[in-house]
Each structure stands twice: as structure tokens, then as C-alpha cells.
Number of protein chains: 2
Amino acid sequence: MSSIREVARIAGVSIATVSRALSTPDKVSKAALEKVQAAIAKVNYRPNMMARNFRAVRSYSIVVLVPNIANLFFSTVIRGIEDAAQQAGYAVLLGDTRDSVKREKDYVNLVETRQSDGVLQLRPHIPGVSLEPNPHIPMVNACGCENTPYASVRIDNAGAAQAVMEYLIGQGHTRIGVIAGKADNPHTIDRYKGYMQALEAAGIPFDKNLVVYGDFTLRSGVVAASHFARMKERPSAIFSMNDEMAIGAIQGLRTAGIRVPEDMSITGFDDIEFARYSDPALTTVAQPAEELGKTAFQSLLTLIEGRELQNSEIVLPYEFVVRKSTPNRR
Amino acid sequence: MSSIREVARIAGVSIATVSRALSTPDKVSKAALEKVQAAIAKVNYRPNMMARNFRAVRSYSIVVLVPNIANLFFSTVIRGIEDAAQQAGYAVLLGDTRDSVKREKDYVNLVETRQSDGVLQLRPHIPGVSLEPNPHIPMVNACGCENTPYASVRIDNAGAAQAVMEYLIGQGHTRIGVIAGKADNPHTIDRYKGYMQALEAAGIPFDKNLVVYGDFTLRSGVVAASHFARMKERPSAIFSMNDEMAIGAIQGLRTAGIRVPEDMSITGFDDIEFARYSDPALTTVAQPAEELGKTAFQSLLTLIEGRELQNSEIVLPYEFVVRKSTPNRR
DNA sequence: CTGTTAGCGCGTTCAA
DNA sequence: TTGAACGCGCTAACAG
């Protein structure tokens, strides 16, 4: 309720002096400073940040666009974002878009109307579907893929997928199923690329019946598993494009009487917390989720502050984690 | 970049007319309206929301305080919040507090400095530790417990725990272990109360060795399981105070060679997505997570708008879901 | 129906 | 070192 004006009145100084006492105390005499501080304490003054930000033409907030906040990988990335933002004095606005471009637009609108300074996109860019980057809107993708048409931070999805496949192939598998995300999802595309490259390098013929498309949810993993269970010529291993689907698949396989890893090996992607505690513990690719978020925030901050972005595409290292869903051979 | 003034200049009207054309078009003549719309389109004018909000002394944003965004129950509650907020024209600021009261204060500070209009607290209130409610700050707890000293939305935790226990006791169990949260956590306290009431009602003596305190994480469930596994006189059933710990416990038990549910029954709490896909599928208490969030937002909005809050404590129904981690007896 | 004007709270000139 | 005055973009009160 109390404004800078009231503080000035009580302290017996001008509002400019109060303002200076707050932002540049060294430019104020000791006597004045003390009077101001006393007055501030007396009326319990809190500066009105809305006024300050309005004046500064900065909202000191960013919005993060996430397809589903109740997804463990995404929420971990957001933890990293929140942590970095908080330290930089930025608030983070949550935009749970549920894969709706309309909702994305509504949220991007926040920066167009100056309620927010920039956007961190967690959904990979789908050409022709996703919002195109706007030069007036600072934007960074925190879970990018190859060919993102704006700044991004990511891992080498294709390379990681290929590494997983090489491991599986090294264990003697030649019929390897894939549980993919939606066909047009760039994560699907990049990881699929790694799958194909590994097959080709090993001289294993491609069989399209071994590819099942899900949507990164537990349920779709179960569905995919039942597909594989019904096949005449089953794969001996499955490469799932995320952990949720892998965990769902293990359940689905078990229901069908197929044991993991004895009858079938299975690998995941992301290394969410549950991967370690599934039964069997999941062999997977660990993404540096929090790091992805922190790094993306730094890039966005650079853009917001109008500084030059050195690296418009940052590729962070991943780690391949072998656990129990692939047998301990060799 | 373009302001209302420029639009007025181009349209050849006053800024007041532009303002009215935007907020109350009926109070503007057709001719003027068209001129304004043409000018708006021409310069691609977007109203500056920061200025508008500043003028309205409303930020149209709320902050949600959550101990850990990467917790499936919390993130689902947040989905509900976000959905309701978006519809009401409010933005939601994310405050991942990591159980730190200092961070909570930093975020509450946002409403004291008018960057936010109110707070939705997801962490239950711990007397003497949590922030005390401040009459100047609209605040609602979205995952409340009994005796929350400010507005809250919750389920009957004690009743739900008691219902679980009665089910277990009805199946013939007399030695029932508990995996609790931290001892001072109100969710722990309320659910523990239900545990004790059920024991007492059934005339089963209390054994403190059967109570293990965790922290609602998967890992702590594993640790608790190993405790039970090492006991001379093991319980025949375990009541876990959330699903994560139950799932961790199942893993820990399996490692120790104890089968669920053949050797030991186990129940969870929350009904997160994974509960259905764990092995065995978890018998648990389904909380209406999204509903909790939506309802809490409505209460908060009432407070923010200065209207009378009819129900300062709303208790939503829960559902007891029997799956496979308790055998299908009787 | 329309235009002029004041003022929201703050930071920042510019003089003194 | 200090204070008076201006203006950020907008809405509301008032006068026409």
C-alpha cells in the first residue's frame, strides 16, 4: 500500500533520494540513507515491482512451454530451468500446452504483450506444425533436435540411439523392435535415424513390422508390447524411445508371459527416477535433464539481454546406463 | 513497440477512443471502430499488459509453491491449477521450493511486491516451520491436511488411511507395517492417525517397530523394505503413505526374496500413473489430483477478488482402488 | 459518442 | 549530494 512517496514524506527527503537509497546507496549521504531506512521499516515499505518492471520495460519473467508437466523428464528439465531462473532474478511462468499449438500461441502472446521476456520451448520443433521462430521473441528450445530453426540445447539423439543399438547388436540380437513416439515427433525422427544407422552398419535388414508407434506414455508401451507378443517371429530385443514406454512394455510383456530380460531384452531412454526402480531395472540413456534446462535458460537470458549468442546449438553429453533389462552377457 | 498513442495518431482519433475500442467497443461509433481496427492491424499493435496490469493494480498471475515439481502427484495437481488459471486469464508462476522455507519466502515476496496476486501452497502446513498465513496475502493450500490455519482443499487423509487399514485387517492381517513420510509432515500425521484408529478399532496392539519413516521418495521405499526384510517377525502387509515409496518397497522386497503379494501385501497412496503399471499393479488410494488443483484455484480467485469464501476447507472424495499388490481373497 | 487530462509507482534526467 | 519534473502505457473521470 505504501509507496515510495510516503517513504519520502516520512523520511523528509525527496522520492528521488529514496529511489537512490534503494538502488545506489553509495550515492546517498549516510544521514539521508539512515532516515530512509528508518522510514522504510516504519511503514513496512515494499517497492512495487510491477511499476519498476513497467518502467524498465522488462518483466523479469520467462514462460516455459511444456507438452505435459506431469512427465518426469520434462518436469526435471523444468527444475533446472527454475533453479537457474531464480538465481538470475527471473520468475518462470508455466505453460502446460498439452500439445496444442493454440495454447502455445496463447502463451507466446504473453511475451508479445510484455508480460514475459522470452520463451523456453520443451517440445521439439515440428516443421509446418510448431510455431515458427519470431525474431522479436527470444526463444530457446531446451530439448531440441537436429535442425531446430532457432537456438537450442540438446543431446545427440541419433548418436545415443545408435549407441544403444550397437550395444544390443553386440549382444547378438538381430531382430530388434522399436517402440517409437509419434511418427512426426522430431525426437522420434532423430532416434529412428540412429536405429537405422546401426542396422545398416551391422548389415541387418530392416523390417518395418518391428517398428511400433506410441506416444511416450506408459499405456502406449503396454499396447506396443502386446503387438510384439502377438508376432509370429518376435524380436529378441526392444529399443524403446523413452522410459515410460519401456516400463509399460515390460508390464505388457509380463502379462503375455514373456520374461525380461530372459526372453526379451529392453532398453529405455531418458533415465527418469523410476528407471532404476522398475523390475528389472532399466538399461537406458541418461539425459542430463536439469543441465539441459539450466543451459537453455542461460542461452535465453543472453538473447533477452540482447547479447550475442555464441552457440546457437549446444549439444550436451549423454550417458548409456546398463542395468538389468538387458542381460549381463559376454 | 507501437503504443496506443501511435494507433490513435494513425486512426485520427484520441487515445481514449482507442482504449474504448479495445475494452468497450459498443461505446464507440462504427466509423471510429473501423478506423481504429485498421490502424491496429497496420502497425500490428499489441497492448502492453504490463502497463495495463500496473494501472489495474493486478498482476493476473499467481504463484504455486511446490516442494518438488518432479513429483508426479504434485505435477498432476499443478496441471489442474494451470488449466483453471488459464481459463480465468491468470498466469501461473512456478515456485519449486525444494522444501526450503527461505525459498518459499522469496516467492511469497512476489505477491508482497505485486508481481503476483496470490499463492497456492502444495506443501502441507507444519506449525512452527511453514510460513504463517498473512491476512494481506491471498493463500490457499491445495493439498491440505487437518488444521491448516488458512483456506485449504484436501481429501480426508485420516479416513482414507483408515479405510486402507480396514481392508488389510479384513483380509486377516494383524501385523501391518507402515512406511511413513517424515515424522513432522502433516500428511504423515493425518494418515498415521487413520492407521492408529484402525488398529485400535480392531483391537490390534500397536508395535512401534512396524513404523518406518521415509521421505516420500522411491529410494526411501527401498530402504524401508530392507528394514522389514531384516525383521525377525515380519509384517504380512505394508501400508505405504505414497505410491513412490510403495513401488520402491516392492523392489526392495523382491531383492530380499520376498514376493508381493504372495509373501507380503502392500498398498500405496495417491494413485499416480505408475501405480497401475508397477509389478504387481498397486492397490492404492486415488486422490483427485487435478480436481484438487482446480478447486484450490477457484478458492484463491475468490480471495483475490475480495469475495467471501464460503468454504474455507473443502474436502474432496477419494477412491480406494484395489489392484494386484494385495491378493484377491475372500 | 468523443477528446482532454490526471495519475498509477517508479527511475532518471537536469539543475542546483 | 539532493530535489523537481517528466514520462513509461494505459484507463477512468469529466467535459464537451
Side-chain angles (χ1 to χ4, degrees), chain A residues 1-40 43-61 89 109-117 136, chain B residues 1-40 43-61 89 109-117 136:
Chain A
M1 283 307 173
S2 51
S3 76
I4 197 171
R5 216 181 311 278
E6 190 180 352
V7 173
R9 191 177 53 75
I10 293 185
V13 298
S14 72
I15 58 170
T17 299
V18 177
S19 177
R20 279 188 284 256
L22 256 27
S23 52
T24 51
D26 359 317
K27 295 193 172 181
V28 175
S29 68
K30 256 208 176 73
L33 192 57
E34 280 166 12
K35 282 191 291 181
V36 169
Q37 284 168 341
I40 286 179
V43 300
N44 188 30
Y45 167 73
R46 314 300 315 265
N48 181 330
M49 285 308 196
M50 244 163 71
R52 186 177 284 185
N53 292 348
F54 166 52
R55 179 73 179 35
V57 198
R58 261 296 162 78
S59 70
Y60 290 99
S61 81
N109 198 30
L110 289 182
V111 4
E112 291 178 332
T113 59
R114 285 108 184 173
Q115 297 212 78
S116 186
D117 295 337
H136 298 293
Chain B
M1 282 307 174
S2 51
S3 76
I4 197 171
R5 217 180 309 279
E6 191 181 352
V7 174
R9 191 176 55 73
I10 294 185
V13 298
S14 73
I15 58 169
T17 299
V18 177
S19 178
R20 277 188 286 257
L22 256 27
S23 52
T24 52
D26 359 317
K27 295 193 172 181
V28 175
S29 68
K30 254 204 176 77
L33 192 57
E34 280 166 12
K35 281 192 292 183
V36 170
Q37 284 168 341
I40 286 178
V43 300
N44 188 29
Y45 167 73
R46 313 300 316 265
N48 181 330
M49 286 307 196
M50 246 164 70
R52 187 178 282 185
N53 292 347
F54 165 52
R55 183 68 185 25
V57 197
R58 262 293 164 76
S59 69
Y60 290 98
S61 81
N109 198 30
L110 289 183
V111 4
E112 291 178 334
T113 59
R114 285 102 177 175
Q115 296 212 79
S116 185
D117 295 338
H136 298 293

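The sequence lines fix the lettering, A, B, ..., with proteins before strands; numbering per chain opens at 1. A quick note: this is a predicted structure, and the numbers were derived from the prediction, not measured.
In this entry the distance linking CG of B:N48 with C1' of D:dC8 reads 9 Å, nearest Å. Atom-to-atom, CD1 of B:I15 to P of C:dT4 comes out at 9 Å; the value is rounded to the nearest Å. Between the CZ atom of B:R114 and the C1' atom of C:dG9 there is a distance of 9 Å, given to the nearest Å. Rounded to whole Å, the distance from CD1 on A:I4 to P on D:dC8 is 19 Å. Rounded to an integer number of Å, the gap from B:K35 NZ to C:dT2 P is 8 Å. Whole-Å rounding puts the B:Q115 CD to C:dC10 P distance at 12 Å. Across the protein-nucleic acid pair, A:M50 atom CE and D:dC8 atom P stand 18 Å apart, rounded to whole Å.
Using a 4.0 Å cutoff on non-hydrogen atoms, the parts of residues 51-59 of chain B near DNA chain D are B:A51, B:R52, B:F54, B:R55, ordered by number. Contact check of residues 16-34 of chain A against DNA chain D (heavy atom, cut-off under 4.0 Å) returns A:A16, A:T17, A:R20, A:V28, A:S29, A:A32.
The residue among B:S14 and A:Y45 whose nearest nucleotide of DNA chain C lies closer to the 5′ end is B:S14.
Considering only heavy atoms from C-beta on, A:I10 comes within 4.5 Å of A:V43 through its side chain.
Each end of the helix from C:dC1-D:dG16 to C:dA16-D:dT1 yields a helix axis from five base pairs, and these two axes differ in direction by 40° (to the nearest 10 degrees).
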- Begin from the C-alpha positions of B:V28 and B:V13 and carry the test side-chain contact (heavy atoms from CB on, under 4.5 Å) through to its verdict. CA-CA 11 Å; B:V28 175; B:V13 298; over 6 Å; no
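Listed by first and then second residue, the side-chain hydrogen bond (donor to acceptor under 3.5 Å, both in side chains) pairs involving residues 12-35 of chain A are A:S14-A:T17 (not counting sequence neighbours). Sorted by first then second residue, the side-chain hydrogen bond (donor to acceptor under 3.5 Å, both in side chains) pairs that include residues 43-58 of chain A, not counting sequence neighbours, are A:R46-B:N109, A:R46-B:E112, A:N53-B:Q115.
Distance check, rounded to the nearest 0.5 Å: CE of A:M50 to OG of B:S61 gives 9.0 Å. The CG atom of B:L110 lies 9.0 Å from the OG atom of B:S59; values are rounded to the nearest 0.5 Å.
Across A:A51 and B:F54, no two heavy atoms sit closer than the pair CB-CE1, 3.5 Å. Closest of all the heavy-atom pairs between B:A21 and B:P25 is O-CG, 3.6 Å.
Residues meeting the side chain to side chain contact (heavy atoms under 4.5 Å, CB included) test with B:I15, sequence neighbours left out: B:I4, B:R5, B:A8.
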